[in-house]
Each structure stands twice: as structure tokens, then as C-alpha cells.
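For ligands, and for the atoms within them, numbers begin at 1 and follow the listed sequence. The structure presented is a predicted model; accordingly, all values stated were derived computationally and were not measured.
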Amino acid sequence: MSDVHPPPADFAARAQIRDTSLHEEALADREAFWARQARSLDWATPFERTVEGDLTDARWFVGGELNAAYNCLDRHVEAGLGDRVAYHWEGENDDRRSITYAQLLDEVQRVAATLRDLGVRRGDRVAIYLPMVPELPVSMLACARLGAAHSVVFGGFSATSLRDRIEDAGCRVLITADGGFRRGGVVPLKDNADEALAGDTPVEHVLVVRRTGAEVRMQDGRDRWYHEAVPAEPVAIPAVPVDSEQLLFLLYTSGTTAKPKGVMHTTGGYLTHVAATTRWTFDLRPDTDVFWCAADIGWVTGHSYIVYGPLANAATSVLFEGTPDHPGRDRFWEVVERYGVTILYTAPTAIRSFMKWGREHVDAHDVSSLRLLGTVGEPINPAAWVWYRDVVGGGRCPVVDTWWQTETGGQMLTPLPGVHAAKPGCAMQPLPGFGVEVVDEHGQPLPGPGDGYLTIRQPWPGMLRGVWGDPQRFRDTYFSRFPGRYFAGDGARIDEDGDIWILGRVDDVMNVAGHRISTAEVESALVSHEAVAEAAVVGRSDETSGQAIAAFVTLRGEHDDGADLEQTLRTHVGKVLGPIAKPKTILFTPDLPKTRSGKIMRRLLRDIAEGRDLGDTTTLANAEMMTELSERAAAAR
Ligand code: 7RM
């Protein structure tokens with residue numbers, strides 16, 4: 001039924017991993033396997049035991065001490081790689097800067113000196129609310145150097161979100177900027193920060209990076225300009241060796257309640273996980289590759305695959321401040337051409353936009369440097385996968401569809417680019433060393449092909465160690481549904497070949513007249529029609545069938561909506577998936593509701609489809625159109 005694409009022959013012939021021996025090594029002795037991976041880091045004190053405790057209480061590399069910043073910077077400079085570029089920073093408004101490992105180490109030490117003077121000590125939490133400027137990874141690494149934890153808050157979040165996160169974590173210092181550039185406009189980060197700190201706040205000091213030059217209020221005794229506070233001359237600030245289980249960072253992520261969870265990641269296990277997966281999944285060659293993970297560092301993808309994974313491997317990355325369509329729709333391809341990007345890692349939602357805008361924007365640039373393409377964040381529909389592979393990758397680049405979560409720390413499932421054949425839309429197989437299993441509703445592993453729940457059976461190095469300040473929520477959210485297993489809410493299918501397809505969050509799996517249908521499947525069917533640019537599908541309650549399928553569709557530029565097209569699309573889905581999967585209603589909309597990280601907000605679409613009150617829509621990138629859509633949905637019901 002599904003399309004199978006073996007690794008492109010040229011790629012496979014040169015790939016660093018060409019067989020499954022790593023998987024076999026991990027299966028034979030998982031602990032020894034991870035211990036060997038951990039030893040590719042530099043430990044100030046070697047660890048005594050690889051792992052202790054169960055899933056809810058795992059401790060990795062026990063007794064070991066290391067420093068994440070040392071592993072990302074000093075050891076590379078000591079090895080003679082000081083002149084290698086760590087980041088090609090591509091800022092908005094033609095700002096560009098290439099930063100070597102030696103320069104990065106120097107700036108990290110100077111900022112660490114400042115943080116130390118402000119009283120930051122091991123175990124403290126520092127909030128960071130910055131645009132995608134070099135000072136962002138520098139600030140993170142400066143915290144790590146001192147053994148302090150960072151809590152990066154995405155620059156698109158509001159003052160209220162920032163305040164909640166700062167209060168929850170008890171951050172004593174905030175690093176922000178006068179503003180950030182976005183699509184030619186300016187985001188008032190400092191104004192937001194002032195609002196977030198008004199009244200009672202644990203924050204004692206604020207460092208402000210000058211980015212836009214906008215006029216901002218500086219509060220005496222609290223606020224200092226980064227460029228004035230940070231010494232101009234080099235300073236030697238030693239990297240403090242910390243326990244392997246020392247908190248490296250908090251990253252807040254949405255759960256089922258209104259209060260975001262502070263996901264906790266620690267040092268040795270996390271760094272081992274992201275360093276290893278960066279090598280495996282991307283076939284990384286640190287001396288020749290130019291790696292571009294086009295996420296924002298405010299999300300876990302940026303933490304793991306812009307900062308810690310690439311830097312731990314002494315790779316050269318692109319650090320991109322902009323957006324895909326500013327100043328033009330060829331922005332990505334211009335950047336790929338400028339730096340000779342070899343590996344591109346981006347989200348399906350971006351790929352669908354590129355597809356909608358048309359291949360001429362890609363064709364206008366030389367993107368032949370690309371040799372591998374990756375996706376992350378949501379299920380990718382096969383049409384977008386094929387377009388990515390053929391148009392962006394020219395048919396010669398493998399596409400890796402990587403499944404993982406804020407909670408997993410790093411990648412868990414993906415085809416290995418030189419080993420596994422890929423199936424468009426399929427995350428395929430666990431990477432070596434991860435005990436991923438699909439189980440039924442009783443927690444029993446599926447004996448053969450079928451649909452179930454994605455779980456993880458054994459602790460893994462990069463797993464979250466807790467929810468900050470809420471151990472009960474940690475246990476309830478992840479370990480109560482299937483005792484003895486980690487479960488983070490995704491449904492999965494095992495196909496005839498034993499490959500794993502992510503069906504989306506379990507609350508996205510519909511049940512229509514006793515048939516289980518994934519929202520992703522129907523979306524993919526809709527998007528495979530030439531008129532459709534993007535589609536989101538939700539289940540809504542229906543008297544006769546239990547659930548009915550409600551679709552929200554954006555059209556490609558040249559197509560008109562109308563009753564004819566609605567009927568055509570229903571017929572099309574019926575043809576692709578079977579009559580049971582035909583949407584009952586299709587609403588055409590110029591835009592879909594998305595979080596600021598680009599994920600379609602199905603919860604909101606379900607509310608619209610069910611005619612429920614919309615509640616708080618402030619985390620949406622495009623809140624305005626929701627009211628209009630809910631009125632039309634009511635009319636269609
Ligand atoms: C990295 C990231 C996690 C959720 C996860 C899934 C979905 C992520 C894929 C995917 C299908 C993929 N972290 N998801 N990757 N679904 N295929 N390759 O996105 O914490 O923000 O989100 O994203 O539902 O549970 S996250």
C-alpha cells in the first residue's frame with residue numbers, strides 16, 4: 001500500500017552507519033551501549049554506574065561529573081578546532097556574523113563572569129527571553145558553565161506567559177533584549193519583560209541585549225545593558241564540573257491543563273542523547289557539514305539540535321533569526337545557497353507552505369549542497385514528504401522523519417538515513433538503545449500489525465527527570481496510564497513490516513461508526529488533492545456515528561471554494577481512504593489556528609466543531625480569524 005524509498009544509492013554508499021550493528025550492540029547490552037556513547041563526552045570524574053532507578057526515578061551515569069559548556073566549547077578549542085565556525089548567524093535586515101568556537105568560548109566566559117558577579121550559582125535558574133541572536137546560545141552556555149539552569153522562554157510568548165514561567169521556576173536573573181525583529185516589525189521584548197516583572201517577582205537582575213535600538217525603560221538597580229555589564233576583555237571562567245544529574249535546563253510545555261509544565265532535563269544523560277542522535281540521524285560530518293535546524297531555540301528542537309547536539313559534536317550550524325517568507329518566499333533557499341547548507345531540518349508545516357508557494361522559489365537558487373533532509377514536530381503528509389524529497393532534495397537526499405518530544409529530550413524514532421528504506425509519513429524505527437513499544441489499551445505490546453499507543457519501556461538517557469515543583473503531576477501525566485511504561489499521548493500503528501507510524505495525539509484519533517481513523521490520515525488524503533494547501537481534521541460528536549469528521553481546509557492560491565469543491569474533496573477522500581473517512585463537513589478558511597511553534601491547534605478546532613465556547617486563544621499566532629470560523633461552523637452544523 002505504501003510507497004517505499006530505499007536510501008539514495010550514492011548516499012548509502014558513503015553513509016557512516018550502513019548496517020544495524022549499533023542496534024544489535026544496544027540490544028545485546030543496553031547499558032554498555034549507552035556507557036560507550038557517554039564516553040564520547042569529556043568527564044571531569046568518570047561515572048561509576050551507567051543507570052540506576054526505574055522510569056520514574058532514573059539516574060544516568062551515576063557518580064560522573066562533567067560540564068555541558070566544556071563539552072560544547074573548551075574541548076574542541078583544546079583539540080585545535082578554535083577556528084572552526086560554530087554558527088553562521090543569519091539575522092534579519094542583512095545582519096550576518098560567523099562565530100568560531102574560540103570566539104564562542106570567549107563570549108560565553110565573559111557572560112558567565114557577569115552572571116557570577118550578579119550572584120548566579122550552581123543550581124540557580126536563569127530566565128532567557130531573547131530573539132534568535134548569538135547572545136541566546138551564549139547565555140545558555142554561560143549558565144551551563146556555572147552549573148546554573150536556564151529556562152528559555154520563546155520570544156513569541158506574552159508577558160503573562162513569561163511571568164508564569166519566571167515565578168514557577170523562581171528565576172533570579174532574566175536575560176532579554178530591547179526587542180526582536182520579526183517580518184520587518186519589532187517585538188517589544190523589554191516592554192513585555194517589564195510587564196512580567198511588575199509587582200512581586202523573584203527576578204533581581206535583568207541583562208538587556210541591544211538588538212533593535214528601540215527606546216526602552218531601564219529600571220535603576222535592576223536592569224543593565226548586556227554590552228555594558230559584560231566585560232569587553234577576555235576572562236577565564238572555569239567550567240564547573242557538575243554531577244551528571246545536575247539540572248541543565250527547564251523548558252515549559254503545554255499539557256492538558258492551562259498550566260504549562262516545567263520539563264526538567266539534566267546534564268550527562270541529555271548531552272549523551274542529543275550528541276549521539278545528532279551524529280546518527282543526520283550522518284553528521286562535523287568537519288564538512290553545514291547543518292541547519294530551522295527551529296527556534298525557544299522550543300526543544302532548538303535546544304537539542306541548534307545548541308547542544310551540534311556543539312557537542314563540534315559541528316558548524318546556521319543560526320537563523322528570520323521567517324520563511326520575509327523578505328521573500330525564497331528566504332530559506334537563499335540561506336541554503338549562501339552557506340552551502342548540507343543538512344536541513346525543519347517542520348512539516350513549513351514544507352507545506354513552501355509547497356503552496358511553488359517550486360519556482362526553490363529553483364531560483366542553487367541548493368545542490370543539500371545532502372540530507374529532516375522533519376520534526378507533527379506527522380508529515382506523504383504529498384509534502386515527496387515534494388520535499390524531490391523538489392528541495394532533488395531526489396538525491398534521504399528524508400528523515402524524526403519523532404520525539406520535549407519530554408524525550410532528543411530523537412527516538414526515525415529512519416536511519418543510510419540504512420532504512422523510508423516510507424513517506426512514517427517515523428519507521430526506534431534509534432538504537434531506545435525501548436519504544438506500541439501497546440494496546442491494556443498495556444500489552446501488539447503482537448503484530450495494528451493500532452495502539454506509543455510507550456517507552458525502559459529509562460533512556462535524555463528523558464525528562466521530572467516536572468518542576470510537581471512530582472505528582474510528573475507521575476500522573478506520564479506513568480499512570482500504562483503502569484511500568486512512559487506514555488506521552490501519541491497513538492501509533494505498526495504496519496506489516498513492523499514499522500511505526502505516528503497517528504497523532506491519542507485525542508486526535510477519531511472513532512467513526514466503530515472505525516478508528518487518524519486525523520492525520522484524513523488530512524493527508526485532503527492535502528493529496530491539488531486544490532488543497534493545508535488541512536486540519538478533528539472528530540466531533542455525532543448522534544449516529546459516535547464521531548463525525550470535521551475538516552478545515554486552506555486552498556492553494558488559484559482555487560475557489562464553494563459547494564462543488566466541498567463535494568469533490570469528500571469524494572476524493574472517499575477514494576483515497578474509503579467512504580467511512582469522508583469528512584462530514586468541510587470549512588474553507590484562509591488560515592488554520594496554530595500555536596506559535598506552528599502546530600495546528602486541534603483542541604481549538606474541536607471546540608469550534610463542537611460549538612463550544614472558545615476560551616483563551618492568546619497562545620495562538622492567528623487569534624482574529626477564530627471567531628469568524630466558529631460562526632461559520634455553527635452555520636454548517
Ligand atoms: C520535537 C517536538 C511533541 C509532539 C509529539 C507528537 C508530535 C513530533 C513528530 C510528531 C508525528 C513526527 N516536541 N510529533 N514529531 N508527530 N511525526 N515526526 O515537536 O514536545 O513540541 O511535541 O509532537 O504528537 O507528541 S514537542
Side-chain angles (χ1 to χ4, degrees), residues 152 154 156-157 249-256 260-265 270 273-274 277-278 281 293-309 345-352 373-382 384-385 388 399-415 420 422-431 436 438 453-456 462-464 467 477-478 481 486-493 499-509 518-521 523-524 536 594-603 619:
V152 177
F154 173 55
F157 276 137
F249 65 86
L250 295 177
L251 186 57
Y252 285 80
T253 187
S254 310
T256 48
K261 301 175 279 217
V263 167
M264 298 167 66
H265 283 291
Y270 172 80
H273 185 153
V274 299
T277 53
T278 305
T281 301
C293 167
D296 192 290
I297 291 177
W299 311 111
V300 74
T301 304
H303 280 60
S304 300
Y305 298 104
I306 299 176
V307 183
Y308 291 107
Y345 190 34
T346 189
T349 186
I351 298 165
R352 287 191 296 265
L373 303 173
T375 76
V376 59
E378 48 177 330
I380 181 165
N381 49 295
W385 192 101
Y388 194 34
V399 176
V400 291
D401 176 352
T402 65
W403 177 89
W404 59 292
Q405 308 176 301
T406 304
E407 292 89 340
T408 68
Q411 298 159 346
M412 302 294 281
L413 292 171
T414 180
H420 296 120
K423 301 174 185 175
C426 181
M428 300 297 293
Q429 291 286 328
L431 284 162
V436 175
V438 181
Y453 303 92
L454 196 70
T455 70
I456 305 167
M463 77 181 293
L464 80 165
V467 171
T477 308
Y478 303 108
R481 172 95 180 252
Y486 166 87
F487 175 56
D490 280 305
R493 167 174 305 162
D499 294 320
I500 301 175
W501 299 71
I502 305 299
L503 300 174
R505 307 295 298 190
V506 274
D507 32 14
D508 292 339
V509 178
S518 146
T519 54
E521 278 181 307
E523 286 165 7
S524 172
K594 290 189 184 153
T595 63
R596 292 174 196 270
S597 68
K599 285 191 211 301
I600 293 170
M601 290 206 50
R602 289 200 178 65
R603 177 190 60 76
T619 58

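- Judged purely by atom type and a 3.5 angstrom limit, H273 has no side-chain atom pairing as donor or acceptor with the backbone of M463.
- Taking distance alone, with nitrogen or oxygen atoms compared against 3.5 Å, K599 approaches ligand 1 more closely than that limit.
- Aromatic ring pairs are classed by plane angle as parallel below 30°, tilted from 30° to 60° and perpendicular above 60°; the pair Y270 and Y308 is perpendicular.
- Salt-bridge formation is detected for the pair E523/R602: a Lys NZ or Arg NE/NH1/NH2 atom is positioned less than 4.0 Å from an Asp or Glu carboxylate oxygen.
- The closest protein non-hydrogen atom to atom 11 (C) of ligand 1 is P379 N, 3.1 Å.
- None of T375, T408, D490 except one satisfies the side chain to side chain donor-acceptor pair (under 3.5 Å) rule with W403; the exception is D490.
- Protein heavy atom nearest atom 3 (C) of ligand 1, with residue, atom name and distance: W404 O, 3.6 Å.
- Ligand 1 lies within reach of G377, whose nearest heavy atom is under 4.0 Å from it.
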Check: Is there a side chain to side chain donor-acceptor pair (under 3.5 Å) between Y345 and T402 once you walk through the steps?
Finding: CA-CA 10 Å; Y345 190 34; T402 65; 2.6 Å; yes

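- Numbered from 1 in the order shown, with element, the atoms of ligand 1 that lie under 4.0 Å from a heavy atom of D401 read 12 (C), 17 (N), 18 (N).
- T477 and K261 share no donor-acceptor pair across their side chains, judged by distance under 3.5 Å alone.
- Looking at E378 against ligand 1, only its backbone comes within 4.0 Å, counting heavy atoms.
- Each of the following atoms of ligand 1 lies closer than 4.0 Å to a heavy atom of T301: 1 (C).
- Any N or O atom pair closer than 3.5 Å counts here, and T375 shares no such pair with ligand 1.
- Side-chain contact between N381 and R352 is present, with at least one heavy-atom pair separated by less than 4.5 Å.
- Short contacts between ligand 1 and V376, defined as distances under 4.0 Å to a heavy atom of the residue, involve ligand atoms 1 (C).
- With respect to atom 6 (C) of ligand 1, the closest heavy atom belonging to the protein is D490 OD2, 3.2 Å.
- Considering both main-chain and side-chain atoms, T402 comes within under 3.5 Å of ligand 1 through a nitrogen or oxygen pair.
- Using a 30° and 60° split on the angle between ring planes, H303 and F249 fall in the tilted class, from 30° to 60°.
- Atom 20 (O) of ligand 1 has as its closest protein heavy atom T406 OG1, 2.7 Å.
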